[in-house]
Each structure stands twice: as structure tokens, then as C-alpha cells.
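Just below is one structure, and these are the notes that go with it.
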Amino acid sequence: MRFFVDTANLKEIEEAADLGILDGVTTNPSLMAKEGIKGAANIKQHYKDICSIVSGDVSAEVFSTKYEDIIKEGEELASLANNIVVKVPMIKDGVKAIRYFSENNIDTNCTLVFSAGQAILAETAGATYVSPFIGRIDDISWDGMKLIEQIANIYERQAGFTEILAASIRNPLHIVKAFELGADVVTCPLKSILGLLNHPLTDIGLAKFLADAKKTEA
Ligand code: E4P
């Protein structure tokens, strides 16, 4: 089980890294825009900053949608740091690019995956990670977790190495269910990871222990 944080916010990444259980980071164009990062040079610098905080995989998404452009952009991103994973959308040119990157030892994260068929294509092309978007499937009242289970069952029967990176994870229950059903990694906001800590019996138990500890004081 591994945790990635889904953010481009350096403070949040630092806080997650400080927790000692952070294995990587995912970003996307919307998250970069949210941080106000503009222009190719600033975007590249921002990825370098993220990679200086985290030694695990950092997904950097291409903005291009044409094969040649995806290759050029992906190679540039991959050259920024050795833990960059090129995030490529699940489109025809993206699948072709994933095959190219896989043959050239560049790790990839196939993003915007919403069906088992798409996950099959990602695995066949040699993606390092496949990202099914759980929350966005739930948003349209389908069951995102069913997709995790389906992909896990399919991948289990194959000899491929693609890992299931459960994405668009919005709450602690999503995290638990995704791991239960076969996700290798989850990516989510730090808030969802911290939500796993909460249990009223822990709070009650700790209050009692602390009160009793006082009684043992000399
Ligand atoms: C994953 O790689 C995406 O960046 C992300 O998980 C999307 O999440 P959202 O649906 O909450 O925007």
C-alpha cells in the first residue's frame, strides 16, 4: 500500500512528507492552475521544487494531445528529475506515446481512465500506472469502486506490471475501499489521508489513559 498526495501545493506536499508515509505526488493542469503557476519555465521549476521535497514518483501531466508533441513534452518533463513520471491522457495518441515512453525507459501514469477497456489499453501499452478516477465516477452516480475491483481482477490474470493508482479519491472511506479492492496506490488530498486517523474510541481511550497517567504521578 502506498500513498501519493494529489496536489501541486508545496506546503501540503511538505506536510504530507513530514508525516513519514508519503510515497509520491500527482498533479494535473487544474491543480497547477490553482497554485497560480503560469508559463512553461515556471511549471518546470515547480516540478523541480516538488521533486526536491519528495524522492518518490512525481506525476507531471503533459498538456499536449498530439503524439509528437506528447513525446517532446514528456521527454522534457522526464529530464527535470529522475523521479518524474509522465502523466498521459487516455486518448489514441496518448496510448501510442505510452508505448514509446515504455520502450525508452520513461515511467508513465495513464490518466483519465473511466473503464476497464481503457485500463486494458494502458496496461498493454506498458503504462507504469493506470489512474481510474473514482470520485468522478461516483459523481455521476456510478460506482467507482466497482471499476477498481474489475481492473484488479483483470490485471491479476495478466503478466503485466502496470500498477493501479486509485485517483480522484475524495474521502477516507474511498482510501480503505480502494486498497481493499486491489489498488496498489491511492492519490488524494492530505485531508483524506489525515481523516484515516479519526476514531472516537481512540479519543476516549487516550483521554482515559492520560487521566490515569496523572494518577501515577508522584
Ligand atoms: C489524479 O491523478 C487526478 O489528479 C485527481 O485525482 C483528480 O481528482 P478530482 O476528480 O478530485 O479532481
Side-chain angles (χ1 to χ4, degrees), residues 1-13 16 22-37 43 46-47 50-51 53-54 56-65 70 73-74 77-78 83-91 94-95 97-98 101 106-115 118-119 121-123 125 127-148 151-152 162-179 181-196:
M1 283 182 293
R2 279 173 291 147
F3 282 109
F4 290 177
V5 272
D6 193 35
T7 181
N9 183 285
L10 296 180
K11 266 195 157 177
E12 188 176 349
I13 294 169
L22 185 67
D23 298 296
V25 174
T26 54
T27 61
N28 62 40
S30 308
L31 293 170
M32 294 298 270
K34 193 172 159 197
E35 296 307 311
I37 320 290
I43 289 173
H46 201 71
Y47 281 129
I50 294 175
C51 291
I53 302 170
V54 181
D57 288 348
V58 173
S59 286
E61 186 158 347
V62 295
F63 293 4
S64 311
T65 52
I70 296 174
E73 199 184 340
L77 289 169
N83 53 334
I84 288 278
V85 171
V86 180
K87 201 172 178 193
V88 182
M90 171 38 75
I91 53 174
V95 170
I98 288 169
F101 289 133
I106 292 176
D107 287 343
T108 52
N109 172 358
C110 183
T111 189
L112 289 169
V113 167
F114 295 92
S115 75
Q118 292 177 326
L121 281 177
E123 204 258 9
T128 314
Y129 297 103
V130 64
S131 286
F133 274 40
I134 303 316
R136 294 192 194 188
I137 295 176
D138 289 357
D139 286 345
I140 57 162
S141 73
W142 288 0
D143 187 349
M145 287 305 159
K146 281 230 164 76
L147 179 59
I148 295 284
I151 298 172
T162 306
E163 294 196 286
I164 302 172
L165 200 182
S168 187
I169 291 282
R170 309 262 178 81
N171 58 57
L173 185 58
H174 270 162
I175 296 175
V176 173
K177 292 302 284 181
F179 281 135
L181 294 171
D184 299 291
V185 192
V186 299
T187 188
C188 55
L190 177 60
K191 191 173 157 238
S192 303
I193 300 175
L194 294 178
L196 294 171

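Values in this document were obtained by computation on a predicted structure and should not be read as measured data. When a ligand or atom number is given, it counts from 1 through the structure's own listing order.
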- Of all the non-hydrogen atoms in the protein, which one sits nearest to atom 2 (O) of ligand 1, and at what distance? K87 NZ, 2.6 Å
- For atom 8 (O) of ligand 1, find the nearest protein heavy atom and state the residue, atom name and distance (0.1 Å precision). S168 CA, 3.3 Å
- Message: Side chain or backbone, does N109 bring an N or O within less than 3.5 Å of an N or O on ligand 1?
- Response: no
- Query: Taking both backbone and side-chain atoms of R170, is any N or O found less than 3.5 Å from an N or O belonging to ligand 1?
  - Reply: yes
- Query: So, R2 and E163, do they make that salt bridge, N to O below 4.0 Å?
  - Reply: yes
- S131-ligand 1 polar pair, N/O distance under 3.5 Å: no
- Message: Within the 3.5 Å criterion, strictly below it, is a donor on Y129 or D184 matched to an acceptor on the partner's side chain?
- Response: no
- With a 4.0 Å cut-off on heavy atoms, is E61 touching ligand 1? no
- Query: Any side-chain donor-acceptor pair under 3.5 Å between S192 and N171?
  - Reply: no
- In ligand 1, which numbered atoms sit nearer than 4.0 Å to a non-hydrogen atom of R136? 7 (C), 9 (P), 10 (O), 12 (O)
- Query: Can you tell me the protein heavy atom closest to atom 5 (C) of ligand 1 and the distance?
  - Reply: D6 OD2, 2.8 Å
- Of all the non-hydrogen atoms in the protein, which one sits nearest to atom 4 (O) of ligand 1, and at what distance? N28 ND2, 2.7 Å
- T187 to ligand 1: N or O pair under 3.5 Å? no
- Message: Keeping E123 on the side-chain end and A119 on the backbone end, is there a donor-acceptor pair under 3.5 Å?
- Response: no
- Is there a salt bridge (charged side-chain N to carboxylate O under 4.0 Å, His left out) between R170 and D139 once you walk through the steps? CA-CA 11 Å; R170 309 262 178 81; D139 286 345; 3.2 Å; yes
- Message: Between E61 and T111, is there a side-chain heavy-atom distance shorter than 4.5 Å?
- Response: yes
- No-hydrogen, no-angle side-chain donor-acceptor test under 3.5 Å, T27 and Y47: yes
- Task: Compare every heavy atom of A8 with every heavy atom of M32, then report the nearest pair and how far apart it is.
- Result: SD-CB, 3.7 Å
- Message: Tell me whether T27 has any N or O atom under 3.5 angstrom from an N or O of ligand 1.
- Response: no
